[in-house]
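In what follows, a structure is listed as structure tokens, so that the remarks can point back to it.
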Amino acid sequence: MVVGEFTTEVDTVVIGAGPGGYVAAIRAAQLGQKVIVIEKQHVGGVCLNVGCIPSKALISASHRFEQMNHSESMGIKAENVHVDFHKVQEWKGQIVDRLTSGVKGLFKAHNIERVEGEALFVDNDVVRVNHGYESSRYKFNHCIIATGSSPIEIPGFKWSSRVLSSTGALALKEVPKKLVVIGGGYIGIELSSALAGFGTEVVILEGSPSILPAFEKRLIAPVKKKLKAKGVSVFTKALAKGVEETANGVTVTAEVKGKTQTFDADYVMVTVGRRPNTRDLGLDLAGVELGERGLIHVDKQGKTTNDKIYAIGDIVSGMALAHKASYEGKIAAEAISGVASEVDYRAMPAVVFSDPEIASVGLSEEEAVKEGYEVKTGQFPFAANGRALSLGESDGFLKIVSRASDGLVLGAQIVGVSASDMIAEFGLAVESGMTVEDLALTIHAHPTLGEIAMEAADVVLGHPIHIAK
């Protein structure tokens, strides 16, 4: 690191070491670039440290606890099962440490220099890094911005020890007795379900007519059923108005379907969305234009209005997903290295780690019809699958959307156990231009959840084996 007025010249600067930034850095290094990564907080970004990974660890622990308490139907009864939440958090932290250490090791293996500090553009090809009282300047041939996003703080709910973002909720030192969750999107539903599994009494306040509004109603139905079974209370068309804090808890005031109601809890968690981290970067000095909601304008390679600067992940349009950021990171790294590469979101999967899980890829039936396709669909229930029954997880279904003329797979939606893993087969199908006949003719091992894909394809073709027409 060069301190003070000196400037270091480098091929590629990556700002942000999350799942978009670190992947971009590694791919650029593989393609011969000399890479420096600037990160002001944690290697691995939000996803590895306070997002995707720790939340899924918490969800897994919650599921394990529930299974131990509710396996009587299998002839298994456990007594005096309790949660040592300190140990749960310690275990979660070990997973995070292992993964972030792995990223650091990959940086070392690819000769990628990591610089701690806050990045600020001072010219169209120069970035300054401030770290305490020290600063460094880097003149780059190319730069990839991957600064991610932050939780939105809503009026009347200033972050505190009792008013939590998802980050704060994941760092709780205790299992709350009562929790109010503002926002019934994927983050709110995932963490609500996990904490309810540990025994928390959860109230969800969602402003729209339904939780998980981005998904079809039929996909949401099994999730609603499970939330109810866990004792979660869901209020839709509910607008949070304010909160009163005490030393031991909160009282949340909300307007629910036009009527004022109050809810007492230990904590309130606000999960109403995330804001792109594009402020205070000096983008105007770099000639990088912003669009709606503070998102950066980019082309199909991730290039901004400055030919030297690319942007990826939550700071550009599209779904705010870690795997989208990683994918875009690879494309941007290849583009700056002269490889003919551009984004294609046709097979971009979306997953909610609810209970049961929801996953989708490609077009839904409604989307396909809107795009002018004549469609043919097939649906198969988890309740007719031997593996699902043996797992005690029979809720849910898989739906295939195909083009009626030739059976081309346009998309798929799944709600059920391991939907997050099962959706990959359909991502491949959409990406590769496969037909439902290709799926039906693919031999799937028995007994597995994967057979549901083959069975649903048979439904589309009109000759289902394990359900009646």
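Because the structure is a prediction, the values reported are computed rather than measured.
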| Identified side-chain contact (heavy atoms from CB on, under 4.5 Å) partner of P356 from the options V417, L219, I414, V415 | V415
| Can you check side chain to side chain contact (heavy atoms under 4.5 Å, CB included) on R274 and V46, steps first, answer last? | CA-CA 12 Å; R274 299 182 66 84; V46 168; 3.8 Å; yes
| task | Please determine, by modelled atom types, if E367 and Y373 share a side-chain donor-acceptor pair under 3.5 angstrom. | result | no
| Any luck finding a side-chain donor-acceptor pair between S210 and K217 under 3.5 Å? |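 Not at all, the side chains of S210 and K217 share no donor-acceptor pair under 3.5 Å.
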Any side-chain to backbone donor/acceptor pair from [X] onto [Y]? Under 3.5 Å, distance only.
{"X": "T305", "Y": "E289", "result": "yes"}
{"X": "Q261", "Y": "V252", "result": "no"}
{"X": "E113", "Y": "I36", "result": "no"}
{"X": "D266", "Y": "K177", "result": "yes"}
{"X": "T147", "Y": "N277", "result": "yes"}
{"X": "E174", "Y": "P176", "result": "no"}
{"X": "E425", "Y": "M422", "result": "no"}
{"X": "R162", "Y": "V268", "result": "no"}
{"X": "E357", "Y": "A419", "result": "yes"}
{"X": "S62", "Y": "L58", "result": "no"}

Closest non-hydrogen atom pair between [X] and [Y], with its separation:
{"X": "S394", "Y": "F382", "result": "O-CB, 3.6 Å"}
{"X": "L295", "Y": "S317", "result": "CD1-CA, 4.0 Å"}
{"X": "W91", "Y": "A57", "result": "CZ3-O, 3.2 Å"}
{"X": "V250", "Y": "E245", "result": "CG1-CG, 4.1 Å"}
{"X": "V181", "Y": "S192", "result": "CG2-OG, 3.3 Å"}
{"X": "G183", "Y": "I204", "result": "O-CG2, 4.3 Å"}

Report yes if the side chains of [X] and [Y] come closer than 4.5 Å at any heavy-atom pair, otherwise no.
{"X": "L212", "Y": "Y186", "value": "yes"}
{"X": "S193", "Y": "K230", "value": "yes"}
{"X": "V270", "Y": "W159", "value": "yes"}
{"X": "I296", "Y": "L290", "value": "yes"}
{"X": "L170", "Y": "K92", "value": "yes"}
{"X": "I211", "Y": "L227", "value": "yes"}
{"X": "R275", "Y": "S149", "value": "no"}
{"X": "V37", "Y": "Y22", "value": "no"}

For [X], look at atom [atom1] and say whether over 12 heavy atoms of other residues, nucleotides or ligands are found less than 6.0 Å away.
{"X": "E72", "atom1": "CD", "result": "yes"}
{"X": "E366", "atom1": "CD", "result": "no"}
{"X": "D84", "atom1": "CG", "result": "yes"}
{"X": "E201", "atom1": "CD", "result": "no"}
{"X": "M68", "atom1": "CE", "result": "no"}

| Could you walk me through whether E216 and Q413 pass the side chain to side chain contact (heavy atoms under 4.5 Å, CB included) check? | CA-CA 9 Å; E216 294 179 10; Q413 298 81 46; 4.1 Å; yes
So, taking the atom named [atom1] in [X] and the one named [atom2] in [Y], what distance separates them when rounded to the nearest 0.5 Å?
{"X": "L398", "Y": "Q379", "atom1": "CG", "atom2": "CD", "answer": "8.5 Å"}
{"X": "M348", "Y": "L321", "atom1": "CE", "atom2": "CG", "answer": "7.0 Å"}
{"X": "I423", "Y": "S418", "atom1": "CD1", "atom2": "OG", "answer": "12.5 Å"}
{"X": "Q301", "Y": "I312", "atom1": "CD", "atom2": "CD1", "answer": "13.5 Å"}
{"X": "Y310", "Y": "T12", "atom1": "OH", "atom2": "OG1", "answer": "10.0 Å"}
{"X": "L205", "Y": "T253", "atom1": "CG", "atom2": "OG1", "answer": "10.5 Å"}

| task | Would you sort out whether E190 and K56 count as a salt bridge (charged side-chain N to carboxylate O under 4.0 Å, His left out), showing the intermediate values? | result | CA-CA 9 Å; E190 288 181 356; K56 278 42 177 194; 2.9 Å; yes
| said: Tell me whether the rings of F85 and F198 are parallel (<30°), tilted (30 to 60°) or perpendicular (>60°). | reply: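 Taking F198 first and then F85, their aromatic rings stand perpendicular (interplane angle over 60°).
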| task | Please lay out, stage by stage, how I309 and F121 fare under the test side chain to side chain contact (heavy atoms under 4.5 Å, CB included). | result | CA-CA 11 Å; I309 300 176; F121 289 101; 3.7 Å; yes
| task | Check step by step if salt bridge (charged side-chain N to carboxylate O under 4.0 Å, His left out) holds for D355 and K226. | result | CA-CA 7 Å; D355 186 11; K226 203 61 171 284; 3.2 Å; yes
| Reference residue E365; test salt bridge (Lys or Arg N to Asp or Glu O under 4.0 Å); the match among K399, K370, K376, R218 | K399
| task | Output, in order, the C-alpha distance, side-chain angles, deciding distance and verdict of side chain to side chain contact (heavy atoms under 4.5 Å, CB included) for V316 and K324. | result | CA-CA 11 Å; V316 302; K324 170 180 171 287; 3.6 Å; yes
| Under-4.0 Å salt bridge between K77 and E79 | no
